[in-house]
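Below: the structure, in structure tokens.
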Amino acid sequence: DKTMNKFLKMDLSEYAGYAVGIINGKIEIKNKDPTIVLERLMSKNNKNKDIAFICVPNLKTAMSV
């Protein structure tokens, strides 16, 4: 699963305070507003894409959906 592999290898320091959308292993969307990221991510989603939504409130915490 390339999206989760990308997440596990990411340097999260660049994304502290942001929500991130990953599509097929590439970071495609980054914004401070998680609603914007989720809406854009869902609009780009189809059955052929591997997606993940990640919130990084600070350097030591991340949440993946």
**OP:** State plainly whether one hydrophobic cluster holds both V37 and M42, where clusters connect Ile, Leu, Val, Met, Phe, Trp and Tyr through side-chain heavy atoms under 4.5 angstrom apart.
**Re:** yes
Original post:
Is there a donor-acceptor pair under 3.5 Å between the side chain of K30 and the backbone N or O of Y15?
Top reply: no
Original post:
Would you say I23 and L41 make side-chain contact, with heavy atoms under 4.5 Å?
Top reply: yes
**OP:** Measure across I22 and I54 and return the closest heavy-atom pair with its distance rounded to 0.1 Å.
**Re:** CD1-CD1, 3.4 Å
**OP:** Look up atom CG in D33 and atom CG in N31, then write down how far apart they are to the nearest 0.5 Å.
**Re:** 5.5 Å
Original post:
Taking all atoms of both residues into account, what is the closest heavy-atom pair of P34 and A19, and its distance?
Top reply: CA-CB, 3.6 Å
Original post:
Is there a donor-acceptor pair under 3.5 Å between the side chain of N24 and the backbone N or O of D50?
Top reply: yes
**OP:** Indicate the atoms forming the closest heavy-atom contact of L38 with F53, along with that distance.
**Re:** N-CE1, 3.9 Å
